[in-house]
2 protein chains.
Amino acid sequence: MGRRRVTLADVASAAGVSPTTASLVLSGRGEELRISATVQQRVKDVAADLGYRPNILSVGLRKGSGLALGFVSDTVATSLLAGDMIKGALEAAHERGLMLFIGETEGDPAVERRLIDALLDRQVDGVILASMFTQTRPLPEGLDHAPAVLLNALADMPRPRIPSVVPDELEAGRAAARLLVEAGHREIHLIGAGPGPDDTPPGTVAGRERLQGILEVLGEAGLRPASGHVHPDWLPPFGWETTRRILDSGRRGTAIITFNDRLAFGAYQAIHEAGLTIPGDVSIVSFDDAPLADWLRPGLTTFAIPHYELGRRSVELVLEAISGRDEAGARGSVHRVPMPLRERASVAPPRPAR
Amino acid sequence: MGRRRVTLADVASAAGVSPTTASLVLSGRGEELRISATVQQRVKDVAADLGYRPNILSVGLRKGSGLALGFVSDTVATSLLAGDMIKGALEAAHERGLMLFIGETEGDPAVERRLIDALLDRQVDGVILASMFTQTRPLPEGLDHAPAVLLNALADMPRPRIPSVVPDELEAGRAAARLLVEAGHREIHLIGAGPGPDDTPPGTVAGRERLQGILEVLGEAGLRPASGHVHPDWLPPFGWETTRRILDSGRRGTAIITFNDRLAFGAYQAIHEAGLTIPGDVSIVSFDDAPLADWLRPGLTTFAIPHYELGRRSVELVLEAISGRDEAGARGSVHRVPMPLRERASVAPPRPAR
DNA sequence: TGCCCGTGCTAAGACGATTTAGCAAGCACG
DNA sequence: CGTGCTTGCTAAATCGTCTTAGCACGGGCA
């Protein structure tokens, strides 16, 4: 109970040496500074005996580092979508003996500013700025004192000073289109963005890049989207309503690409309510791999946002920045993490023409 | 760039006073210690001018406190379900100028142990032990050095030393049953637990208490569940399969209580696939209020787990414990937060008997 | 004149570690 | 015998802040 913590001084006096010696031994610099094996062993034994654990605040004070990173997000911790991003960052940090301070800004730049200050006051060694949705964003001031990384976001400036980690949306877009084209589909509807390359919800990188990849592959196959439907909120109601309109129109097509899984959920509802089946009548490909995707019947084929991997990479990048190993060009580089395909049961070749 | 931080000594010398005086003034003890108004003003002006911000590591070292709390969860940050719990804790902490260290154990006691140690090394002032699902759990050792609170969990011992915050599942169970009974339902199926009071998945407090509340109200109305179906994983497939069996059985009933929203999702699928309607043929009440509940068609009537509020309360409780205001009986007390009803469209009176 | 007291401020020592500079003893060498 | 190098360890400063003890000054009182 309430026993005072064991300090370095306690260890030193119990081992009959000076605090200096104890410090040297315990920080592994014993050899280098020629402390005799006898003494080294004695100090280590005593430290273990007493259950000595260094006070990290003190170490931080001395070394000017807090042995911690800051993770500032808009709504990642909260939004039930990207928890794995935090998990990846958390694990990568813990593996290196670092802790993670997490903060949420709700997208408010003033809150962000305050949070960053609070983190710097605590001597964090680096800061990760995470976004829920891939987006371009301005860099906050005050980040000159610690290395930083953008997670799931790009800086809205020509030559940013800090690196970014983002999913490879472009390639995922290509792969999604390829999947359908290779299955034989020619009439493909787009829900969430399109049909033109500039028909994207404002501010979303994901939408723009996915669309670009899709159009690229479609174009190579000599196709254009059967239709495209932009909407700022990618939620089930819009997916439901749009799908109904598509089914009611004369030109139902054979496949739909939804820009996220929640739109796909809405599409499922509309298709089932119309008495049609997936993938028999309509194939669906989507993006995100939310838990939902696995619960839908039939299972939704979708390209996963590699949240866990993104989180891990982000801390690796801050650490590189901290140790100064990010020379020259790496400064503002963009790291793209592949989006793996989760193949389930919502894609099939179109029904043979009657 | 890279300008060294402004320290207290800088402020003091710029203001022409001793560090002591500067410290006194800036920590608001100027009056008490009779520093002249002139000097006080001068120090404050200089501090503001220089943009002085205290080094919290140093303060912590001196005061033996880290101005931070630890939030250790099994899979809360990660699991896409209880993000609001973190948000509530985060906001309550930030309001008081505290930061939150977050860690995830994945349910591994060894990891938990290490994490708690790491937090204590960093001189956190208190620790919140959070669970994804309400459960009883043993208390980890090593928590003697800092106040702690159980969030969404109960200690599995007779007289625990630390308080708990949990949703009021019992009352929610009663309210759910009451809702259906008052709408006129007599044949009510239970999916997730029941029909007997001991038919609950192992280790879940939520299941036991919800069931108890339901049976209590049903009993008062002279009813018993039409059927009950226990399962350790409350996921859509079990909801789907069980609902199918219920519909196929001779005794379809008029209402279902699902023990969480994902089970309800499965029930929706089965009901729709059977060509029946909600709430015309079957009413459904559920628990959790996951985002899903709002996306289902028709909207799912459900009792929300007050994640945000739980998170906030937990921080308030640790802080009470820290400041020692939790006298006597409060030590191991259990705080129950009400589960608000989210009334949507999945409940209606049963069809009049033909 | 001498003593006491209030006013307004400062010196100096923590807090717990790291690190630089350096001391003492033993030995070799010229 | 003096000098210089190794070996093995320690004293003391340092990080930035808080806090205890106390100093210097001036006025009131006996």
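Heavy atoms only: backbone and side chains are in, while hydrogens, waters and symmetry mates are out. Residue numbering restarts at 1 for every chain, and letters A, B, ... go by the order of the sequence lines. From a predicted model like this one, the values you see are computed outputs, not experimental measurements.
- At a threshold of 4.5 Å between non-hydrogen side-chain atoms, the residues His94(A) and Leu115(B) count as touching.
- Going from atom CG of Leu98(A) over to atom CD1 of Ile322(A) covers 7.0 Å, rounded to the nearest 0.5 Å.
- Note: CG (Leu33(A)) to P (dT10(D)) measures 13 Å, nearest angstrom.
- Here dT19(D) is the nucleotide among dA17(C), dT19(C), dT19(D) with the atom lying nearest to any side-chain atom of Arg29(B).
- One axis for each end of the helix from dT1(C)-dA30(D) to dG30(C)-dC1(D), each built from five base pairs, and the angle between them comes to 90° at 10° resolution.
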Donor-acceptor pairs under 3.5 Å, side chain of residues 132-139 of chain A to any protein atom, not counting sequence neighbours: which ones?
| residue | atom | partner | partner atom | Å |
| --- | --- | --- | --- | --- |
| Thr134(A) | OG1 | Asn152(A) | OD1 | 2.6 |
| Thr134(A) | OG1 | Glu169(A) | OE2 | 3.4 |
| Gln135(A) | OE1 | Ser131(A) | OG | 3.4 |
| Arg137(A) | NH1 | Glu112(A) | OE2 | 3.0 |
| Arg137(A) | NH2 | Glu112(A) | OE1 | 2.8 |
| Arg137(A) | NH2 | Glu112(A) | OE2 | 3.3 |

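- dC15(D) atom C1' lies 16 Å from atom CD1 of Ile56(A), rounded to whole Å.
- Between the CG atom of Leu61(B) and the P atom of dG13(C) there is a distance of 18 Å, rounded to whole Å.
- Ring centroid separation for the pair Phe71(A) and Phe101(A) does not come in under the 6.0 Å cut-off.
- Taking 4.0 Å as the cut-off between side-chain N and carboxylate O, Glu32(A) and Arg29(A) count as a salt-bridged pair.
- Under the side chain to side chain contact (heavy atoms under 4.5 Å, CB included) criterion, Arg336(A) pairs with Val166(A), Asp168(A), Glu209(A), Val334(A), not counting sequence neighbours.
- Counting to the nearest Å, the P atom of dG16(C) and the CZ atom of Arg122(B) are 17 Å from each other.
- Between Glu104(B) and Lys87(A) there is no salt bridge, since none of the side-chain N atoms of the basic residue sits less than 4.0 Å from a carboxylate O of the acidic one.
- Checking Ser18(A) against Thr21(A) by side-chain atom types alone, a donor-acceptor pair falls below 3.5 Å.
- From Leu8(B), atom CG reaches atom OH of Tyr52(B) across 4.5 Å, with rounding to the nearest 0.5 Å.
- Rounded to whole Å, the distance from CG on Asn55(B) to P on dT14(D) is 18 Å.
- Residue whose closest nucleotide on DNA chain C sits further toward the 5' end, between Ser58(B) and Leu24(B): Leu24(B).
- Contacts with DNA chain C (heavy atom under 4.0 Å) in residues 39-48 of chain B: Val39(B), listed by number.
- Side-chain atoms of Asp125(A) come within 3.5 Å of backbone N or O of Leu67(A) as a donor-acceptor pair.
- As judged by a 4.0 angstrom heavy-atom cut-off over every strand, Leu8(B) is placed among residues touching the sugar-phosphate backbone only.
- Between Leu67(A) atom CG and dA17(C) atom C1' the separation is 12 Å, expressed in whole Å.
- Looking at heavy atoms from C-beta onward, Val337(B) lies out of side-chain contact with Pro167(B) at the 4.5 angstrom threshold.
- With rounding to whole Å, Leu26(A) atom CG is found 13 Å from dG16(C) atom C1'.
- Residue Ser36(A) places at least one side-chain N or O under 4.0 Å from the OP1 or OP2 atom of dC9(D).
- Following rounding to the nearest Å, Gln123(B) (CD) and dT17(D) (C1') show an atom-to-atom distance of 15 Å.
- Residue Arg62(A) places a side-chain atom within donor-acceptor reach of the base of dT18(C), judged by atom type and a 3.5 Å distance cut-off alone.
- Applying the side chain to side chain donor-acceptor pair (under 3.5 Å) rule to Ser36(B) yields no partners; only residues at least two apart in sequence or on another chain are considered.
- Sorted by residue number, the members of residues 16-23 of chain B with any non-hydrogen atom under 4.0 Å from DNA chain D read Thr20(B), Ser23(B).
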